[in-house]
Amino acid sequence: MNLNKEIWLTPLIQETLESLYNKTIPQDAISLQKTRKEFAGDSTLVCFGLSKYSGKKPPETAQEIGEALVKADSRISGFNVVNGFLNIELNYSYWVNYLQGYTPDAKLPEKARRRVMIEYSSPNTNKPLHLGHIRNNLLGFSVAEILSECGHFVSKVNLINDRGIHICKSMIAWQKKGNGETPSSSGMKGDHLVGKYYVEFDKMLSAETNELRAKIDSNDWQGIDNESQEGIKKLLAEIEKAEDSQKQKDLNSTLKQQINNQTPLMKEAREMLMLWERGDTDTIELWKTMNSWVYEGFNLTYKRLGVDFDKFYYESDTYILGKDIVQEGLAKGVLYKKDDGSVWIDLSDEGLDQKLLLRSDGTSVYMTQDIGTAVLRNKELNCSTYAYVVGNEQDYHFNVLKKTLQKMGYSFADGIYHISYGMVDLPSGRMKSREGTVVDADDLIDEVIEEAGNRALELGKTEDMSEDDQNQLFRKLGLGALKYYILKVDPKKRMVFNPEESIDLQGNTGPFIQYTYARIQSLLNKAKALSQIEISLDEMPEESSARYMIRMLEAYSETIQTAAEGYSPAMIANYMYELAKDYNSYYHDYPVLKEENLTLAAFRLEIARKTGETLAKCGKLLGMEMPERM
RNA sequence: GGCUCCGUAGUUCAACUGGAUAGAAUGGCAGAUUCCGGUUCUGUUGGUUGGGGGUUCGAAUCCCUCCGGAGUCACCA
């Protein structure tokens with residue numbers, strides 16, 4: 001049963017208005033919102049826009065409507081008018097009944113439920129996960145939970161980037177320097193081991209690049225083919241001529257890139273990629289082995305983070321898929337071919353550029369692959385929404401992907417949505433792998449758990465717990481702190497990750513909410529007998545704080561639904577913090593066990609119970625576990 | 001340079017998508033416990049919402065302009 005008051009109040013207002021003014025009033029003319037804390041009332045009708053129907057000034061209009069509403073429905077006990085705002089007050093009995101029927105539930109009506117795919121995580125298999133991936137994973141998982149809570153049918157999907165030149169790099173470095181090292185021989189987590197060789201490759205590469213640069217500077221062009229020679233010479237000349245330093249910088253980095261490409265190591269990497277694409281047995285064997293190490297590592301990290309997937313896609317399976325579709329697009333005349341054979345789409349009428357979809361040698365690029373997987377998934381999953389959790393540096397890419405598919409006539413493309421999130425910065429600035437400031441996901445998880453443990457042990461409240469229970473608790477607290485810290489920020493916004501603040505326990509933090517929950521559980525345990533007492537309005541006084549708490553609980557379903565529409569776990573984090581804070585204040589002022597009026601005590605206990613349930617539910621939606629004690 | 005996004009207390013974030021006197025946390029300061037768990041609660045301090053103009057009953061939010069920052073403009077992914 002949905003008791004949400006907007007369900008009956010909005011239509012009631014509409015009817016009242018229509019009979020009052022004898023005009024048709026569209027529903028969206030009725031702007032109803034929660035009454036702000038500082039005013040009396042439960043719901044507020046904004047009356048400025050209604051003047052045109054009443055022909056009177058907003059305050060007079062509000063007054064009139066208020067009077068009519070009180071007459072129209074007994075649930076409405078009163079009202080007050082401030083400027084053009086009509087604050088509607090509901091009966092206390094309405095709220096007491098509401099509390100008794102309340103359970104945190106945000107299910108939409110059947111007809112509003114949809115099939116939704118959430119793609120998230122999508123890692124490369126050449127490096128372990130880092131802080132940026134953590135934001136991605138937490139967001140993706142949480143959004144999926146939120147949509148499920150609203151009744152949607154969600155597929156969580158991970159598209160793994162397991163092929164390409166970057167993967168070959170770690171393979172080559174391992175061949176050269178690995179001496180057969182494996183995760184078990186080294187005791188290293190598989191993804192970290194592979195990552196180590198990726199870094200190793202980079203080191204070897206920059207040594208070769210420097211060497212080659214020195215040779216070029218002394219006019220020694222051995223090992224560089226004529227065409228590349230010319231290119232490099234031209235660049236050198238341009239750098240000579242360039243006047244502003246920005247341009248010089250740009251040219252220099254292009255030059256470095258070109259020299260990079262001429263090193264023996266890069267040549268080897270490219271050769272390996274070709275071997276891989278041809279299906280060379282040894283290459284494939286090595287690739288499979290090293291990838292399997294990485295997957296073992298990733299799975300462990302996912303498990304510790306508490307995220308999971310319904311389906312995995314691998315780029316090695318999907319990277320060719322888009323080619324046929326591009327051919328179809330050519331046939332339809334949506335795409336065009338240049339003289340060199342490359343295929344493009346012109347999106348300039350959409351405010352975008354031309355975009356390459358197929359190289360002149362016929363091989364596919366990132367976009368080709370994404371087009372292919374999109375079509376494949378639509379066949380397999382048949383969703384109405386395809387949401388991709390990917391960083392905002394790819395805003396342009398997803399814009400192009402969606403428009404391209406639309407132009408090709410795929411109607412499912414309308415459902416493509418990019419959940420674009422901002423970078424995670426450190427207090428010192430951006431994470432840079434070159435400077436070694438990248439925060440590793442596994443290290444971070446270890447740290448927050450350890451730190452949570454340290455702080456809990458200092459307080460000494462967990463001494464009687466078994467070591468196993470303690471470890472479970474520290475894990476819940478550490479991860480709760482981390483998840484809340486990251487998810488409370490609006491996904492779209494860039495955020496600063498301060499390692500020390502992320503494990504804080506006071507203020508707007510995960511553990512603050514967990515503490516509130518644990519304390520409620522303790523209260524429920526001690527007050528079991530009260531649950532038998534029937535709550536009756538006749539036996540207890542009206543309390544505005546209680547009314548306020550129930551209104552906070554009532555906001556649950558609307559909050560979750562708005563969060564789902566906006567793909568924003570942050571809204572839920574803000575809500576549950578507000579709820580916990582208000583409850584703590586209520587708890588402080590209105591005792592249960594000491595209250596002599598047992599009906600009132602039972603009523604307060606009921607508020608505690610429902611608040612606890614709601615906090616736990618919100619926590620679940622963020623992937624946060626609530627401890628029974630801490 | 002073109003396009004996109006961002007700029008809110010010292011700091012980290014809010015502001016129900018155009019609503020009421022811009023709120024929390026943190027930091028600083030001052031308090032509360034015969035306690036149902038003090039990881040709590042109550043005060044206090046702190047703002048020209050980057051600057052300027054416009055739209056209207058009303059703007060942090062929408063439009064224009066300038067300033068500052070980021071991202072992106074690959075036959076990379």
Side-chain angles (χ1 to χ4, degrees), chain A residues 31 33-39 44 46 48-49 51 57-58 82-85 87 122 124 161 163-166 246 254 257 315 319 338 340-344 351-353 355-361 363-367 369-370 391-397 399 420 422-423 425 427 430 455-456 458-459 461 477 485 488-490 492-498 501 504-509 511-516 518-527 555 558-559 562 565-566 570-571 573-575 577-578 581 584-585 587-595 601 604-605 608 629-630:
Chain A
S31 163
Q33 52 192 253
K34 265 177 275 174
T35 303
R36 296 180 63 130
K37 253 182 187 171
E38 58 266 37
F39 300 99
T44 295
V46 184
F48 294 97
S51 280
K57 287 183 177 161
V82 182
N83 293 324
F85 297 95
N87 299 319
S122 310
N124 291 345
N161 184 345
R163 49 141 248 130
I165 196 91
H166 51 293
Q246 182 56 45
T254 318
Q257 195 67 43
E315 281 195 7
Y319 80 105
K338 284 193 180 172
D340 62 5
S342 55
V343 179
W344 299 71
L352 304 174
D353 295 323
K355 191 79 191 172
L356 176 90
L357 296 185
L358 221 50
R359 292 194 187 98
S360 51
D361 62 4
T363 56
S364 56
V365 290
Y366 182 38
M367 189 60 76
Q369 184 265 127
D370 258 9
N392 63 6
E393 72 272 15
Q394 292 196 35
D395 284 354
Y396 186 76
H397 172 80
N399 221 336
S420 163
M423 303 258 114
D425 289 324
R430 198 173 170 172
R455 299 198 186 191
E458 267 173 40
L459 287 165
K461 286 188 193 171
L477 294 178
Y485 183 83
K488 76 174 175 187
V489 182
D490 181 347
K492 290 195 287 288
K493 291 196 177 167
R494 204 181 177 111
M495 68 173 286
V496 176
F497 182 87
N498 185 326
E501 282 176 15
D504 269 353
L505 313 170
Q506 286 165 7
N508 189 353
T509 65
F512 169 88
I513 295 163
Q514 289 170 317
Y515 174 80
T516 307
R519 196 163 65 170
I520 288 173
Q521 301 320 302
S522 161
L523 178 59
L524 289 172
N525 274 329
K526 288 189 181 159
E558 196 193 337
T559 304
T562 315
E565 280 164 31
M571 288 185 177
N574 288 328
Y575 167 74
Y577 170 65
E578 202 63 35
K581 199 156 70 78
N584 279 337
S585 181
Y587 173 93
H588 184 262
D589 295 338
Y590 299 90
V592 172
L593 296 180
K594 278 191 297 184
E595 175 56 50
R604 289 176 182 167
L605 186 68
R629 50 171 291 201
M630 62 190 271

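Every chain is numbered from 1, with letters handed out A, B, ... down the list of sequences. Side-chain atoms are counted along with the backbone in the values below, which use heavy atoms only and exclude waters and symmetry mates.
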When the P atoms of rC67(B) and rG52(B) are compared, how many Å lie between them, rounded to an integer? 15 Å
C1' spacing across the pair rG68(B) / rA32(B), given as an integer number of angstrom: 46 Å
Those residues that, when tested against Tyr590(A), pass side-chain hydrogen bond (donor to acceptor under 3.5 Å, both in side chains) (two or more places apart): Ser545(A)
Which part of the nucleic acid does Lys493(A) contact within heavy-atom distance under 4.0 Å: base, sugar-phosphate only, or nothing? sugar-phosphate
Students often get this wrong, so: under 4.0 angstrom with heavy atoms, is Val496(A) touching a base, only sugar-phosphate, or nothing? sugar-phosphate
Heavy atoms under 4.0 Å, any strand shown: does Ala570(A) hit a base, just sugar-phosphate, or nothing? nothing
Using a 4.0 Å heavy-atom cut-off across all strands, classify Met571(A) as base, sugar-phosphate, or nothing. base
Looking for any heavy atom pair under 4.0 Å, which part of the strands does Tyr575(A) touch: base, sugar-phosphate only, or nothing? nothing
With syn meaning chi within 90° of zero and anything else anti, the base of rU72(B) is anti
Closest to the 5' end of RNA chain B, once Gln369(A) and Ala518(A) are matched to their nearest nucleotides, is Ala518(A)
Looking for any heavy atom pair under 4.0 Å, which part of the strands does Gln514(A) touch: base, sugar-phosphate only, or nothing? nothing
With a distance cut-off below 6.0 Å to the six-membered ring centre and an angular limit of 45° from the axis, does Lys355(A) pair with Trp344(A) as a cation-pi contact? no
RNA chain B: stems of at least 3 consecutive Watson-Crick or G-U pairs, cut-off 3.5 Å? B:1-7 with B:67-73, B:10-13 with B:23-26, B:27-32 with B:40-45, B:50-54 with B:62-66
Looking across every strand, which nucleic acid part, if any, lies under 4.0 Å from Asp490(A) by heavy atom: base, sugar-phosphate, or nothing? sugar-phosphate
Could you tell me how far rU55(B) sits from rU61(B) if I compare only their C1' atoms? Round to whole Å. 14 Å
Parallel under 30°, tilted from 30 to 60°, perpendicular over 60°: which one fits the rings of Phe85(A) and Phe48(A)? perpendicular
How far does the P atom of rA22(B) sit from the matching atom of rA59(B), given to the nearest Å? 12 Å
Taking any heavy-atom pair under 4.0 Å as a contact, classify Phe48(A): base, sugar-phosphate, or nothing. base
Within the 4.0 Å heavy-atom criterion, would you say Ser522(A) contacts the bases, only the backbone, or no part of the nucleic acid? base
Distance between P atoms of rG27(B) and rC16(B) (Å, rounded): 27 Å
Across the strands shown, which category fits Asp353(A) at heavy-atom distances under 4.0 angstrom: base, sugar-phosphate, nothing? sugar-phosphate
Pairwise C1' distance, rA24(B) and rA15(B) [rounded to whole Å]: 10 Å
Going 5' to 3' through nucleotides 20-34 of chain B and flagging B where a protein heavy-atom sits under 4.0 Å of the base, S where only the sugar-phosphate is that close, and - otherwise, we get B---SSS--------
When all nucleic acid strands are considered with a 4.0 Å heavy-atom cut-off, which category describes Arg455(A): base, sugar-phosphate, or nothing? nothing
What interatomic distance, in whole Å, is found between C1' of rU49(B) and the corresponding atom of rU8(B)? 4 Å
Contact class for Val365(A) (heavy atom, under 4.0 Å): base, sugar-phosphate, or nothing? sugar-phosphate
Could you give the distance separating rA14(B) and rC76(B) at their C1' atoms, to the nearest angstrom? 39 Å
